[in-house]
Amino acid sequence: MPMSPLEELRHSASHIMATAILRIWPDAKLDIGPPTDTGFYYDIDIDQKLTATDLVMIETEMRKIVDENQPFLRKEVSREEAVEIIKSRGQERYKLGRLADIPADEKISFYSNGEFTDLCAGSHVRYSSKLKAFKLLSIAGAYHRGDEKNPQLQRIYGTAFPTKDELAAYLEQQEQAKARDHRKLGKDLKLFVIDEEVGQGLILWTPHGSIIRQELQNFISEELRKQGYSQVFTPHIGKLELYKTSGHFPYYKESQFTPVIENESLAKVLAEGCSCAEVYARLEAVSSHLAAQVNARTGKETITPDRVRPNDQLLDGFMLKPMNCPHHIKIFASQPHSYRDLPVRLAEFGTVYRWEQSGELNGMTRVRGFTQDDAHLFCTEDQVAAELIGCLALVKIVLSTLGMTDYRVRIGLRDPDSKKYTGDAANWDKAEAACREAAKTLGVTFAEEPGQAAFYGPKIDFVIKDVIGREWQLGTVQVDYNLPVRFDLSYIGADNQAHRPVMIHRAPFGSMERFCGVLIEHFGGDFPAWLAPEQVRLLPISDKLNDYARALLDRCKAEGLRVTLDEHSDKLGAKIRRAELDKVPYTLVIGQKEADAASVSVRSRARGDEGVLTADAFLARLKTEVATRALPVKKKA
RNA sequence: GCCCAGAUAGCUCAGUUGGCAGAGCACCCCCUUGGUAAGGGGGAGGUCGCCGGUUCAAAUCCGGUUCUGGGCUCCA
């Protein structure tokens, strides 16, 4: 695909940066330097650790190169010539590998500007002087070819625009985005905290944040009742054997918390003087009975003989649950089911724990303990399509109620080359086809992405961007032919025979933590009245009006509203300013006129001064706004 | 986990070549009693993330560590 003019500019900026870097550090080894959605980068390998002052130095050198008005020249060469050019420039460390990536039937080209020459397909601007507005932004580590096992290079990020005004506007917009960041707003509006002593990635929901979460849970619970779901509750832990049956342990052990070992079992292995490796091996081991059971159900050697140990060498323990499905499966399996009962839909706000790498934790959007608005549907194969459509409809209701329209839909398919997926190919094909069909009913465009499936089945994900452009998966709907086999689930069909149900996993929000994080940014802290932690603030103009204000406060509370009274002896302007900064949707100004007429002067955060209403009229209006979960209506400009 | 940068009052931040710990906002008290984004004065608030080292003396220099931020990797 040819580059857009902006990509060309940024790509050229990255070459100009590399030119500058080689002038300063001639020994630098270059890897690649492409344009990105928001700018460009170049990955380089040099011994010296780059710092912010080095960025200034590189920028200064880049400006000189821009002023030199170097032409960008393309030269097509043979593969042999290409190797010679790379070697003559001492860039064989990474560039020879990059050259080898170019397919045999493709042309090999180099681009030169001034003294710099780089293996490059193009394209570029014609002269370096085109680069009028650029800025180097940050230094980061990046593995060569994105593989942890490869050496880590230093990546320099920058951005460039056709004009200085556009660059300034972009930088300004980035600054403004920071004001919407859920981590900043979470602190300012006291929505949540993360305490070092409690642990990284563990969210403490403060009273204000808890109100938002509770309102969201109430909202979705109402929808679930309408759609025939049953609410269940299950504990936060489960025995290791459960996850050996489901297949979660030990295959995903690196992304789970270490198991909790029972005291007696721990004492026993200590008494036996077991090494750490032996303790781990015993944790992962299974009885011959379990191995035989799982292998018989899956029809292949799912659990290999090397994991089987005699019963006295098994070490039992509990796991913090990484998923809710095994618990819900046990509820389904606890009694026989007729085809007439299906679908069974079990819903729970279930808290799960995952060991995310420390460098990946991020506010509320990537955490180690989170609560999914989870449900598992057990249905017949014939019902899969309709249930999938029902699940997607639910996600759409949720997103549209909140005014979140800027999302993309992704169908995660299996990567045919990977072995991490369980279950047989025929079921996978059926499930993937069902997802595709269901997604078509959404009426939005979707992308199919191989390799993005869950290990047990394909999924339909709703992906949304945060303020700095990072994508997060929220709602998800997943088809699963695998766990029903593992747990030998069945229902009695019309033919009086046992049949295998199909499971659907779905979570419209995904997780309460991530969803709230994204929601805070979506609203920029300006929540609709039904979600706002504080819906109304009463602002008496002087202390003399406090009695009327207190009576009104009690009245609002009796009506079920979340309301406070500002009794500070400040002037009205100061009280309004405070309420605005706290993003309270409605403030009621109370002066003598209002007290005399049992009225209030309404100021809304979305629309400003709305004039005087009777207290009755205001309360009726606000209660409707809350009950209908209305979005804030901004004043027309 | 890896690379880079940070951590000072509840919040935002200043703190020079090592020499008594600072400001604004928020909070409390007093004056002020007001009409749609900051009235005035006073007070309280700190083990400078934590542990160790150098020094007569460390917020400041050195080492380690924890956490945070931006990337990379990962994300059932």
Side-chain angles (χ1 to χ4, degrees), chain A residues 36 41 43 49-52 54-55 137-157 178 181 183-184 187-188 190 193-201 243 246-249 251-256 322-326 352 354-363 365-368 412 420-422 452-457 459 468 470 472-473 476 478 480 482-483 505 514 539-546 568-582 587-594 601-605 608-612:
Chain A
T36 67
Y41 66 82
D43 285 348
K49 287 180 173 173
L50 296 176
T51 65
D54 293 325
L55 288 191
L137 299 171
S138 62
I139 306 156
Y143 299 106
H144 173 54
R145 294 184 182 279
D147 189 332
E148 262 181 301
K149 294 182 206 77
N150 286 339
Q152 193 164 44
L153 311 175
Q154 300 191 70
R155 175 173 294 180
I156 303 175
Y157 280 96
K178 280 186 197 162
D181 190 310
R183 291 164 299 191
K184 175 174 166 50
K187 197 182 271 186
D188 290 349
K190 299 181 176 59
V193 291
I194 298 170
D195 185 281
E196 202 176 308
E197 211 167 343
V198 173
Q200 282 184 282
Y243 301 101
S246 72
H248 289 114
F249 189 81
Y251 301 107
Y252 290 91
K253 72 175 177 195
E254 71 287 348
S255 46
Q256 292 164 169
M323 299 185 98
N324 300 302
C325 24
V352 298
R354 299 181 189 179
W355 187 258
E356 304 288 357
Q357 296 191 86
S358 61
E360 195 51 47
L361 297 171
N362 184 278
T365 47
R366 188 80 182 261
V367 294
R368 284 184 172 160
K420 78 170 187 176
Y421 305 100
T422 59
Q452 287 290 331
F455 77 99
Y456 48 74
K459 54 181 189 169
I468 53 176
R470 285 181 296 210
W472 299 100
Q473 177 198 313
T476 182
Q478 312 177 352
D480 183 1
N482 174 53
L483 286 176
H505 309 237
R514 178 176 290 177
L539 309 182
I541 282 174
S542 94
D543 294 352
K544 294 169 192 158
L545 283 314
N546 281 356
H568 289 89
S569 64
D570 285 313
K571 294 173 87 165
L572 180 62
K575 293 186 182 189
I576 287 175
R577 179 181 150 79
R578 217 168 15 239
E580 289 285 340
L581 292 176
D582 289 341
T587 51
L588 301 182
V589 174
I590 295 161
Q592 195 57 51
K593 281 181 285 184
E594 288 77 13
S601 176
V602 180
R603 183 186 164 97
S604 98
R605 179 155 162 80
D609 191 347
E610 297 196 293
V612 176

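Just so we're on the same page: letters track the sequence lines, and every chain starts at 1. Just so you know, these numbers use all the heavy atoms, side chains as well, and skip hydrogens, waters and symmetry mates.
- Within the nucleic acid shown, A/Tyr41 has no heavy atom closer than 4.0 Å to any nucleic acid atom.
- Checking B/U33, B/A37, B/U12 against the side-chain heavy atoms of A/Ser542 singles out B/U33 as nearest.
- Taking atom P on both B/U8 and B/G69, the two are 14 Å apart, rounded to the nearest angstrom.
- The base of B/G71 is not paired with the side chain of A/Tyr143 by any donor and acceptor separated by under 3.5 Å.
- A straight line from CD1 of A/Ile590 to P of B/U36 spans 16 Å, rounded to a whole angstrom.
- No salt bridge links A/Asp147 with A/Arg145; every basic N to acidic carboxylate O contact stays at or beyond 4.0 Å.
- In this structure, NE2 of A/His144 is placed 16 Å from C1' of B/C3, rounded to the nearest angstrom.
- Nucleic acid contact for A/Gly573: sugar-phosphate only, since backbone atoms but no base atoms lie under 4.0 Å from a heavy atom of the residue.
- As judged by a 4.0 angstrom heavy-atom cut-off over every strand, A/Tyr456 is placed among residues touching the sugar-phosphate backbone only.
- Using a 4.0 Å heavy-atom cutoff across all strands shown, A/Gln592 reaches at least one base atom of the nucleic acid.
- Looking at heavy atoms from C-beta onward, A/Arg470 lies in side-chain contact with A/Asn362 at the 4.5 angstrom threshold.
- Under the Watson-Crick or G-U wobble criterion, with both distances below 3.5 Å, B/A59 is left unpaired in every strand shown.
- Each of B/U66, B/C75, B/G71 was ranked by its minimum atom distance to the side chain of A/Arg470; first place goes to B/G71.
- Of the candidates B/A76, B/U36, B/G39, B/A76 carries the atom nearest the A/Tyr252 side chain, counting heavy atoms from C-beta on.
- The side chain of A/Lys49 sits closest to B/C3 out of B/A76, B/C3, B/G34.
- Nucleotides of RNA chain B nearest to A/Ile576 and A/Leu50 differ in position, and the one nearer the 5' end is that of A/Leu50.
- Taking atom NE2 of residue A/His568 and atom C1' of nucleotide B/C30, one finds them 15 Å apart after rounding to whole Å.
- Across every strand in view, B/C28 sits in a pair with B/G42 that passes the Watson-Crick or G-U test at under 3.5 angstrom.
- A/Ser569 comes within 4.0 angstrom of a nucleotide base, judged by non-hydrogen atoms across all strands.
- For B/C72, its base never sits under 3.5 Å from the side chain of A/Arg155 at any donor and acceptor pair.
- Across all strands, A/Asp188 comes closer than 4.0 Å to no nucleic acid atom at all (heavy-atom distances).
- The nucleotide whose nearest atom lies closest to any side-chain atom of A/Gln200 is, among B/C67, B/A38, B/G39, B/C67.
- If you check distances only, the side chain of A/Glu594 does reach the base of B/G35 with a donor-acceptor pair under 3.5 Å.
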